[in-house]
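One-based numbering along the sequence shown.
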Amino acid sequence: MNLLDATLRDTKTKGQLLKLRQEGNLPAIVYGGKEINQKISLSKKQIKSLMEIENFGSDMITLKIDGNEQKVLLREITYDTVTDEPIHVDLFRIVSGSKINLNIPVKFIN
């Protein structure tokens, strides 16, 4: 299981998002369950290192937002069309007792 540190963000314009990305962070959103959607920012360095892990897309992530921990799944990463750098992350909140459909890649060896 992976651990990500996040901070709540209050960005309203594209300029604020651009400044956030220039500081080495990625805008993200956490949604799902009965709680409200949360706008957060994640470290770009942490996301890029986790993207190198083979099962990152199907593994549970513990997200620590201002001291509170939540279990989430990666739903989508949006990439820049020119540089192929990640520019936005969507995370889906895991609610106990609910069903989740996942696509898990299988690799056959020999």
Open item on the list: So Ile65 and Gln38, do their side chains get closer than 4.5 Å, heavy atoms only?
Closed with: yes

Open item on the list: I need the Ile77 CD1 to Glu85 CD distance, nearest 0.5 Å.
Closed with: 11.5 Å

Task: Pairwise side-chain contact, Leu18 with Leu20, heavy-atom cut-off 4.5 Å (strictly under) - done: no

Task: Gap between atom CG of Asp5 and atom CD of Glu69 - 0.5 Å precision - done: 9.0 Å

- [ ] Could you tell me whether the side chain of Ser49 and the main chain of Gln46 form a donor-acceptor pair under 3.5 Å?
- [x] yes

Task: Side-chain donor or acceptor of Arg9 paired with backbone N/O of Ile40 under 3.5 Å - done: yes

Open item on the list: Less than 4.5 Å apart, side chain to side chain, heavy atoms only: is that true for Met60 and Leu73?
Closed with: yes

Task: Audit row: Lys39, Leu8, side chain to side chain contact (heavy atoms under 4.5 Å, CB included) steps and yes/no - done: CA-CA 6 Å; Lys39 294 179 181 179; Leu8 290 172; over 6 Å; no

Task: Full working for side chain to side chain contact (heavy atoms under 4.5 Å, CB included) between Ile29 and His88 - done: CA-CA 8 Å; Ile29 190 158; His88 190 271; 4.0 Å; yes

Task: Residue of the set Leu74, Leu50, Val72 for which side-chain contact (heavy atoms from CB on, under 4.5 Å) holds with Asn2 - done: Leu50

Open item on the list: How close do Ile36 and Arg93 get, counting heavy atoms only, and between which atoms?
Closed with: O-NH2, 3.4 Å

Task: Minimum-distance pair of heavy atoms, taken over all atoms of Gly32 and Asn37 - done: N-OD1, 4.3 Å

- [ ] Please report the closest heavy-atom contact between Pro86 and Lys48, naming both atoms and the distance.
- [x] CG-CG, 4.2 Å

TODO: Show the numbers, then the answer: is there a side chain to side chain contact (heavy atoms under 4.5 Å, CB included) between Leu42 and Leu63?
DONE: CA-CA 10 Å; Leu42 302 169; Leu63 189 65; 3.8 Å; yes

TODO: Check step by step if side chain to side chain contact (heavy atoms under 4.5 Å, CB included) holds for Tyr31 and Asp90.
DONE: CA-CA 8 Å; Tyr31 62 92; Asp90 288 344; 4.1 Å; yes

